[in-house]
Amino acid sequence: MQAAWLLGALVVPQLLSFGHGARGPGREWEGGWGGALEEERERESLTLKNLQEALGLPTGVGKEENSEGKEVWETTETQGEEEEEEATTAPSSSPNPFPSPSPTAEDTITYILGRLASLDAGLHQLHIRLHVLDTRVVELTQGLRKLRDAASDTRDSVEALKEVQVRAEQEHGRLEGCLKGLRLGHKCFLLSRDFETQAAAQARCKARGGSLAQPADRQQMDALSRYLRAALAPYNWPVWLGVHDRRSEGLYLFENGQRVSFFAWHRAFSPESGGVPPSAASHPLSPDQPNGGVLENCVAQASDDGSWWDHDCERRLYFVCEFPF
């Protein structure tokens, strides 16, 4: 805007001076040069009008002729300044001189179609991401299935190793029982000096590949008695055997479920018998066995004379294991 006013300030005075300079000769040359002066004035007016339009100046202010025929040029600088002040102080709420046109039906349809295209593109991107996620889920599922298969194989391998370990321990126990204990025919007996209940003693013998001792006849009973007496002399320790009547009182069975047909119970001294039982010499004041009833259902053998005694199955005693050979 300042550049426009500067251009107007430079051009307008030149035009004014040109007009005043042409005014004097005009009087002298009215006769021959009158038509030329009129044409020159018209060109000046047209040039000034074009200049005002180019600079954005109001075109209402121009030149006026006075009563003497002189041209009076009105400067528009003061008016321009006033208009600029009015434009500056005008409130911001003044109406827009170039209001936007109202949208037509075609514009609305175009806008809706553009939004639908954007939504379609967004849905396409979501479908792509869902496809990627589905692919990833399938890969993870396959990996999880492989891990489960590997875990199952590992579990089977562990179970197989446990079985091998159990068989190895049983074989080791069997060999140890026959090497360190008493070998008798197709059996081996091995004394354990650990205190255990009858059930725990049976479990330990089974883990080593055997069971609690089950003497089936007098020969095995005498051989086992000599072995225990030699191992525990000069003391007398009761030792668990694999004999019990837990299933039914008075019905004595071996641990393998077979019925016991041979017994070696302790018998007290009786004058009426006319003799002294072998076990009475070692335990003269002890009553006949078995005498515990339902409270004593497991059988132990005395290490000094080999007699059988019934005891509470939860009592902790030495035990002797039997292994096949």
Side-chain angles (χ1 to χ4, degrees), residues 92-93 95-96 98-181 186-188 190 192-214 240 242 244 246-248 253-258 297-298 313-316 319-325:
S92 59
S93 62
N96 189 2
F98 303 102
S100 60
S102 300
T104 62
E106 294 181 357
D107 296 336
T108 303
I109 294 174
T110 303
Y111 173 76
I112 293 174
L113 292 176
R115 294 296 297 171
L116 289 176
S118 300
L119 292 175
D120 184 68
L123 288 175
H124 180 67
Q125 294 295 328
L126 288 176
H127 283 305
I128 292 175
R129 294 182 180 179
L130 286 175
H131 178 70
V132 173
L133 289 176
D134 289 339
T135 304
R136 186 59 177 166
V137 168
V138 171
E139 293 176 354
L140 291 175
T141 303
Q142 293 177 352
L144 181 60
R145 186 179 297 110
K146 292 180 180 179
L147 288 176
R148 287 178 178 175
D149 293 340
S152 178
D153 295 339
T154 303
R155 191 180 300 110
D156 295 340
S157 299
V158 171
E159 293 296 331
L161 288 175
K162 287 182 178 179
E163 292 178 0
V164 172
Q165 181 181 6
V166 169
R167 289 196 298 268
E169 290 179 354
Q170 291 177 351
E171 185 66 19
H172 178 266
R174 186 183 68 82
L175 294 175
E176 183 182 21
C178 291
L179 291 175
K180 295 183 178 180
H186 296 287
K187 290 184 178 181
C188 298
L190 179 64
S192 176
R193 298 173 184 267
D194 296 329
F195 292 99
E196 296 288 355
T197 63
Q198 201 270 354
Q202 169 62 17
R204 289 188 58 178
C205 291
K206 186 176 180 180
R208 299 174 66 181
S211 66
L212 285 174
Q214 306 172 93
W240 284 126
H244 63 84
R246 286 191 294 260
R247 183 178 301 178
S248 177
L253 304 174
F254 289 120
E255 287 294 336
N256 58 10
Q258 294 181 358
N297 295 319
C298 296
C313 296
E314 296 301 317
R315 186 177 179 183
R316 301 171 66 87
F319 59 93
V320 58
C321 294
E322 175 185 303
F323 303 96
F325 179 74

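Owing to the predicted nature of the structure, the values given are computational and were not obtained by experimental measurement.
By the 4.5 Å heavy-atom criterion applied to side chains, Q198 and L212 are counted as neighbours. Contact check for K206 versus E255: no side-chain heavy atoms found under the 4.5 Å cut-off. With a 4.5 Å cut-off on side-chain heavy atoms, V138 and T135 do not count as touching. Counting heavy atoms from C-beta on, the side chains of E171 and R174 come closer than 4.5 Å. Looking at H244 and Q202, their side chains never come closer than 4.5 Å, going by heavy atoms from C-beta outward. Residues F319 and D194 have side chains in contact (heavy-atom distance under 4.5 Å, counting atoms from C-beta outward). In this structure the side chain of I112 reaches within 4.5 angstrom of the side chain of T108, judged on heavy atoms.
The CG atom of L133 sits 10.5 Å away from atom NE2 of H131, with the distance rounded to the nearest 0.5 Å. A distance of 12.5 Å separates CZ of R115 from CG of L113, quoted to the nearest 0.5 Å. If you take CG on D134 and CD on E139, they are separated by 11.0 Å, rounding to the nearest 0.5 Å. Taking OG1 from T154 and CG from L147, the interatomic distance works out to 10.0 Å, rounded to the nearest 0.5 Å.
The environment of OH in Y111 is sparse: at most 12 heavy-atom neighbours from other residues, nucleotides or ligands sit within 6.0 Å.
Nearest heavy atom pair, residue T197 against residue C313, reads CB-O, 3.7 Å. Counting all heavy atoms, side chain and backbone alike, E196 lies closest to W240 at O-NE1, 3.0 Å. Across R246 and C298, no two heavy atoms sit closer than the pair NH1-SG, 3.2 Å. When every heavy atom of C205 is checked against every heavy atom of F323, the shortest pair comes out as O-CE2, 4.4 Å. Between P324 and G209, the shortest heavy-atom distance links the atoms CD-O, 3.7 Å. Closest of all the heavy-atom pairs between F325 and C178 is CD1-SG, 3.6 Å.
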The test is side-chain contact (heavy atoms from CB on, under 4.5 Å); show your working for R145 and R148 and say whether it passes.
CA-CA 5 Å; R145 186 179 297 110; R148 287 178 178 175; 5.6 Å; no

What do the steps show when you test D107 against T110 for side-chain hydrogen bond (donor to acceptor under 3.5 Å, both in side chains), and what is the final call?
CA-CA 5 Å; D107 296 336; T110 303; 5.4 Å; no

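When each of E176, E169, Q170, H172 is paired with R208, the side-chain hydrogen bond (donor to acceptor under 3.5 Å, both in side chains) condition holds for E176 and for no other.
For the pair K187 (side chain) and Q214 (backbone), a donor-acceptor distance under 3.5 Å is present.
Checked by atom type, the side-chain pair D149/S152 shows no donor-acceptor distance below 3.5 Å.
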